[in-house]
Amino acid sequence: MSKVCINIAWPYANGKIHLGHVAGSLLPPDIFSRYNRLTGNEVLMVGGSDQHGTPITVTAEKEHTTPEAVAERYHEINKKAIEDLDIEYSLFNKTHCKTHYEVVQKLFLDLLDRGYLYIKQTDQYYCVDCGRFLPDRYVEGICPTCGAVDVRSDQCDTCGTTLEPGDLKEPHCIQCGNVPDVRQTEHYFLRLSAFRERLLDFIADKDHWRSNVKTFTQNWLNEGLTDRAITRDMTWGVPVPVDGWDGKVIYVWFDAVIGYLSASIEYSKMIGKPDYWKEFWQDPAVKHYYFVGKDNIPFHSIIWPAILMGEGGLNLPYDIPANEYLMFGGGKLSKSRGGAIDVPSVLKKYDADLVRYYLSINMPDTHDSDFSWEDFKIKINNELVSDLGNYYHRCLSFTQKNFGSIPDAAPPEESAEVMEKIGSIFKEYDEHLSKCDFKKALKAVMDLAHFANKYFDQSKPWALLKSDKEACGRVMNTNLRIVKALAVMSWPYMPRSSEKIWEYLAIGGTIEECGYEGMTSPLPRGAAMPEPVPVYKKVEFEDEKEKLNKVPAAEPDIAGPFADFRRLDLRAGTVVSVQDHPDADKLYLLSVDIGEESPRQIVAGLKAYYPRERMLGRKVLVVSNLKPAKLRGIMSSGMLLAADDEDMGGSAVLLLTPSKEVPNGTKFSSGMDSSPSRIEYKDFQRAVLKVSTVRDGTFVAGSRKLESAEGCPPRAVAVIDGDRTVLLSDGNGSVATVDSEIRDGAGVR
RNA sequence: AGCGAGGUAGGGUAGCCAGGAUAUCCCGUCGGGCUCAUAACCCGGAGACCGAUCGUUCAAAUCGAUCCCUCGCUACCA
């Protein structure tokens, strides 16, 4: 029996938690905690809502409310969601709490005393109108390096340059629009660099860490550590506990990680044993685990250990089993991407245990994993319900119906094989779980379920019932012992249903009291069994499936020959104006008339190939239904088709042009039906368009026979699909071509 | 283009770090068994030159090199 401290990454209280959070950092620690409890260890499991920081103040301003209101709202929602998932924290705390403030401030002052913090003057934007310093994301302007517009003041997303206050051209406050001053301000910096050696020592023996965690940390340390500002000019957060520092707070990443400690202390106070936390934080024998997502690794492997080292006398992390991402429909499952599946709505439809099972068996522990409702259904129905659930039910209902109570046990030699199997599965399970290998341990449980079903079949209790009821009872007793073992081993994963099974077994007490120790002990003979009801039901979703799965909207399906090409809407047009892109070397900013009310604005990377005068007035072909995209800050609605023979070893880039004069807006669909619906760039890339000289009705590149070579210029563009080759034309004798030499087979992009 | 991950039977995967004898599991498929059970369970079959090539080795899915392809993030891709 030992103590274990389980620390869980703090979800940010600016939105509802979703399945990505659950699979990534919330469910694993709960499984691990329950596993430890069944092993007989004492667990302290803490975490909570991260409630400070600028994004919450932004939300609050948007909603015309206070940051506290926003933070509290999501704290309550998420706390409830976590409880509904049966994730049992000792305490799910929050950073906006008195104890947390005190602990953060104490650590701050301790580090200050020891010389790990120092003050540095920095420049910061200050808005006179708003009367305050502005956070980085409150100031936008033009990037001095690349000229992109509406760039945030800390970093240009367009060119990646890191910016300092004052760098931005034409800065403005996004709140009031005024031009902010650059004023001197001071901040406390954490002397991270002072911990480098100690941190290297710290990770040196961490061979049990997952390789990505260790490698990532090692790389960070090798690159050298830069001191970081740990205070900000704002009021939403933990105040800096130094006179004259009003209006400044401690920055999130110093604030939030300390939450592990403050939540432990807060919990101790709550249970009336104010020193309880010390048993976990000050006894070096207690292992500390940190369950986080992979984006959170350095905060837990470097910054937090540095803070702990600076404070001294507190346990450092023992392991940081960081998970990868749960992907949904190909995209990262995150709040910002909109593909999120938040916990409250999922739990409205499905039992927590089903969700826990699926996320466990599909956990992104070593790689990103994909979430889909289709897969959810398959795994739940075929594995959980059919194997495990059905086994539970056939055993319990058969015994209950025919015996009404627990029948007498078989003599040891009769059940030896089964008990051995339980033992060997448990060994495997235990090994995996002790290493936080959740997926594999659960697979071991499912293996036992499979073995169990086989045992049931082979021992044929339904036949024995007629021939030898006593023997039947002995077999069922053995079966029920497997049921018991399955329920105990499943409990960390699916607590609620396991407890239900426990009731049906009429053992009394709880699974937690039984523990792994009592898992294989005999059943209470003669105990009356209640009538069982299946604990897992198959999931069915005809409508739901459509709704939930169709987050990535189904596109109108174009099938058949030239499907990829027919998704394009190609139009003839005339370049009516050419300007240099203000912020890019290679890009032109064009207006192209494609027969619409006003010309399209299109950004094109052609500066290197066409001087301005050769662009102006030029007849071109435009992909008109391409999803508009910002190119270095400027919207581009479409793209010009150009041939490029790089793949053929050339270096020419030539704009496509109609062979005969056609009105702007003329459709180039080679006489086929095409779709006007909006497409992505990658959809465009799927269509195969090639340029080649044409001789005797044959497309020289690849010697492909053209289906019609009518009106064909000597060099032309063709659309290729399988073995079919068709000229790209307007269907009326104007064929797409280029006006100078290019290698045959050049692609079009 | 940069970074990250990955390419193993029709689909999805395990194994790869610590190289060895019939390559795992799930779905699907084909055949059989059973009838206690949630049309579930059990057994058996077919189906994979482990992305390609080269190398290291007595031995490579596993180690090294090169290349190809896919996905995600990022981008002066249009």
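Throughout, protein chains are lettered first and strands after them, A, B, ... in sequence-line order, and every chain is numbered starting at 1. Small disclaimer: the values here were computed from a predicted structure and weren't measured.
A heavy-atom distance below 4.0 Å to RNA chain B is reached by these residues of residues 447-464 of chain A, ordered by number: A/His450, A/Asn453, A/Lys454, A/Phe456, A/Asp457, A/Trp462.
For A/Lys401 and B/A37, the shortest distance from a side-chain N or O to OP1 or OP2 is below 4.0 Å. Listed pair A/Lys379 / B/G12 fails the phosphate criterion, with no side-chain N or O lying under 4.0 Å from OP1 or OP2. Between A/Lys440 and B/G15, a side-chain N or O to OP1/OP2 separation shorter than 4.0 Å is present. In this structure, A/His367 reaches the B/G6 phosphate: one of its side-chain N or O atoms is under 4.0 Å from OP1 or OP2.
For B/C69 and B/A21, the C1' atoms lie 33 Å apart once the distance is rounded to whole Å. Remark: the separation of the C1' atoms in B/C68 and B/U29 is 32 Å, to the nearest Å. Separation of the P atoms belonging to B/G20 and B/C77 is 45 Å when rounded to the nearest angstrom. The P atoms of B/U8 and B/U74 are separated by 27 Å, rounded to the nearest whole Å. Nucleotides B/C41 and B/C26 are separated by 10 Å at their P atoms, to the nearest Å. Taking atom C1' on both B/C63 and B/G72, the two are 28 Å apart, rounded to the nearest angstrom. Taking atom P in both B/G10 and B/A48, one finds a spacing of 7 Å when rounded to whole Å. B/A46 sits 12 Å from B/A23 when the P atoms are compared, rounded to a whole Å.
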| said: Assess the residue pair A/Asp319 and A/His208 against the criterion (side chain to side chain contact (heavy atoms under 4.5 Å, CB included)); give the C-alpha distance rounded to whole Å, side-chain angles, the decisive distance to 0.1 Å, and a yes or no. | reply: CA-CA 8 Å; A/Asp319 198 4; A/His208 53 280; 4.0 Å; yes
| Under the side chain to side chain contact (heavy atoms under 4.5 Å, CB included) criterion, do A/Ser424 and A/Phe451 qualify, and how do the steps go? | CA-CA 12 Å; A/Ser424 68; A/Phe451 168 88; over 6 Å; no
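Residues A/Lys443 and A/Ile361 have side chains in contact (heavy-atom distance under 4.5 Å, counting atoms from C-beta outward). A/Arg356 places none of its side-chain heavy atoms less than 4.5 Å from the side chain of A/Tyr350. In this structure, A/Thr366 and A/Arg210 have side chains that are not in contact, with every pair of non-hydrogen atoms separated by 4.5 Å or more.
Stem regions annotated for RNA chain B: B:1-7 with B:68-74, B:10-12 with B:25-27, B:29-33 with B:41-45, B:51-55 with B:63-67, counting only runs of 3 or more consecutive pairs of Watson-Crick or G-U type with both contacts under 3.5 Å.
Looking at A/Asp365 and A/Lys440, no side-chain N of the basic residue comes within less than 4.0 Å of a carboxylate O on the acidic one, giving no salt bridge. Between A/Lys377 and A/Glu374 no salt bridge is recorded (no basic side-chain N to carboxylate O distance below 4.0 Å).
Formation of a donor-acceptor pair under 3.5 Å by the A/Tyr504 side chain with backbone atoms of A/Val533 is found in this model. Here the side chain of A/Asp387 pairs no donor or acceptor atom with the backbone of A/His450 at under 3.5 angstrom.
At whole-Å resolution of the value, CG in A/Asn382 and C1' in B/C41 are 13 Å apart. Spacing between atom CG of A/Asp370 and atom P of B/G12 amounts to 10 Å, rounded to whole angstrom units. Nucleotide B/G4 holds its P atom 17 Å from the CG atom of A/Asp295, rounded to whole Å. The NZ-P distance, from A/Lys439 to B/C25, rounds to 17 Å in whole Å. A straight line from CG of A/Asp375 to P of B/G12 spans 11 Å, rounded to a whole angstrom. Atom CZ in A/Arg394 sits roughly 10 Å away from atom P in B/C36 (whole-Å rounding). Atom P of nucleotide B/U24 and atom CD of A/Glu428 are separated by 16 Å, given to the nearest angstrom. Taking atom CD of A/Glu383 as the reference point, atom C1' of B/G12 lies 11 Å away to the nearest angstrom.
Two residues, A/Pro534 and A/Asp387, neighbour RNA chain B, and the one matched to the more 5' nucleotide by heavy-atom proximity is A/Pro534.
Taking the six-membered ring where the residue is Trp, A/Tyr358 and A/Phe371 present perpendicular rings, their angle passing 60° and hence far from 30°.
The side chain of A/Phe398 sits closest to B/C36 out of B/C36, B/U38, B/A40.
Judged purely by distance below 3.5 Å, without hydrogens or angles, the side chains of A/Arg394 and A/Asn453 pair a donor atom with an acceptor atom.
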